[in-house]
Chemist: 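Provided herewith is a single structure, encoded as structure tokens, for subsequent inquiry.
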Amino acid sequence: QVQLVESGGGLVQAGGSLRLSCTASASTYNIHMGWFRQAPGKEREFVAAISWSGGRIYADSVKGRFTISRENAKNTVYLQMNSLKPEDTAVFYCAADYVNVRTTPRYWGQGTQVTVSS
């Protein structure tokens, strides 16, 4: 089993930036990793994903503002979030899967809170 641990959440003002990190307990070889988020009263939604080889996809709501990256040697994925909006406020979850992380993640982290004030 792969354990995922997120860090980097916090409180920022609108327009500010945060970088989230997610470290896996095992090698990330051939595993795809990504980020989801869930706001109060809303369903969990896809944010961004990155394949083992570095291919990236983003939700339309974060394109141009968020950047996902990974350091395979550190078993770590990052989410650089710029130009944050109050609508981005949510618990952000790291996810991983060997086939399709966007639709059917096998592994989930516990989440880290991101709060954007206006």
Chemist: Assigning hydrophobic clusters by single linkage (Ile, Leu, Val, Met, Phe, Trp, Tyr; side-chain heavy-atom cutoff under 4.5 Å), is Val116 placed with Met81?
Modeler: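 Yes, same cluster.
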
Chemist: Classify the side-chain pair Ser17/Asn82 by whether it contains a donor and acceptor separated by less than 3.5 Å.
Modeler: yes

Chemist: Is there a side-chain contact between Arg56 and Ser51, using heavy atoms and a 4.5 Å cut-off?
Modeler: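 Side chain of Arg56 against side chain of Ser51, heavy atoms only: no contact under 4.5 Å found.
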
Chemist: Taking all non-hydrogen atoms of both residues into account, name the closest pair between Leu84 and Leu18 and its distance.
Modeler: CD1-N, 3.9 Å

Chemist: Would you kindly confirm whether Phe66 and Val12 end up in one hydrophobic cluster when ILVMFWY residues are joined by side chain heavy atoms under 4.5 Å apart?
Modeler: yes

Chemist: Restricting to non-hydrogen atoms, name the atom on Gly9 and the atom on Leu20 that form the minimum distance, rounded to 0.1 Å.
Modeler: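 Reported closest heavy-atom pair: N-CD2, 3.6 Å.
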
Chemist: Taking the side chain as everything from C-beta on, heavy atoms only, tell me whether Phe92 gets closer than 4.5 Å to Glu6.
Modeler: no

Chemist: Please examine the side chains of Thr104 and Val99, heavy atoms only from C-beta on, and report whether any two atoms are closer than 4.5 Å.
Modeler: no

Chemist: Could Arg65 and Asp88 be called an ion pair, given the rule that one side-chain N must be under 4.0 Å from one carboxylate O?
Modeler: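 The answer is yes: the pair qualifies as a salt bridge.
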
Chemist: Would you find more than 12 non-hydrogen atoms of other residues, nucleotides or ligands less than 6.0 Å from Arg106 atom CZ?
Modeler: no

Chemist: Scan residues 9-79 for pairs that pass disulfide (SG to SG under 2.5 Å), counting only residues two or more places apart or in two chains.
Modeler: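 Every pair satisfying disulfide (SG to SG under 2.5 Å) with a residue in residues 9-79: Cys22-Cys94.
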
Chemist: With sequence neighbours left out, which residue pairs that include part of residues 26-63 fulfil the ring-ring contact (aromatic ring centres under 6.0 Å, His included) condition?
Modeler: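 For residues 26-63: Tyr29-Trp52, Phe36-Phe46, Phe36-Trp108.
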
Chemist: Testing Lys85, Glu87, Arg37 for side chain to side chain contact (heavy atoms under 4.5 Å, CB included) with Ser61, which one passes?
Modeler: Arg37

Chemist: Taking atom types as modelled, find out whether Thr89 and Thr115 have a side-chain donor-acceptor pair closer than 3.5 angstrom.
Modeler: no

Chemist: Please walk me through it: do Val91 and Val114 pass side-chain contact (heavy atoms from CB on, under 4.5 Å)?
Modeler: CA-CA 6 Å; Val91 177; Val114 172; over 6 Å; no

Chemist: Which heavy-atom pair separates Ala96 from Ile31 by the least distance, and what is that distance?
Modeler: CB-CD1, 3.6 Å

Chemist: Measuring from Ser53:OG to Arg70:CZ, what's the distance to the nearest 0.5 Å?
Modeler: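 It comes to 8.5 Å.
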
Chemist: Given the rule that I, L, V, M, F, W and Y join up when any side-chain heavy atoms are under 4.5 Å apart, are Val101 and Leu4 in one cluster?
Modeler: no

Chemist: Minimum heavy-atom separation for Ile68 to Met33, with atom names?
Modeler: CD1-O, 4.0 Å

Chemist: Is the count of non-hydrogen atoms from other residues, nucleotides or ligands lying under 6.0 Å from Gln3 atom CD greater than 12?
Modeler: no

Chemist: I need the minimum non-hydrogen distance between Ser118 and Ala14, along with the two atoms involved.
Modeler: CA-CB, 4.5 Å

Chemist: Hydrophobic clusters here meaning ILVMFWY residues chained together by side-chain heavy-atom distances under 4.5 Å, can you tell me if Tyr107 and Val77 are in one?
Modeler: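 Same hydrophobic cluster.
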
Chemist: Verify whether one side chain among Tyr78 and Glu71 offers a donor that lies under 3.5 Å from an acceptor in the other.
Modeler: yes

Chemist: Check Asn75 against Ser27 and note the closest heavy-atom contact, atom names and distance.
Modeler: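 Where Asn75 meets Ser27 most closely, the heavy atoms are OD1-CA, 3.4 Å.
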
Chemist: Would you say that Val2 contacts Tyr98 through its side chain, given a criterion of any heavy-atom pair below 4.5 Å between the two side chains?
Modeler: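 Yes, their side chains come closer than 4.5 Å.
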
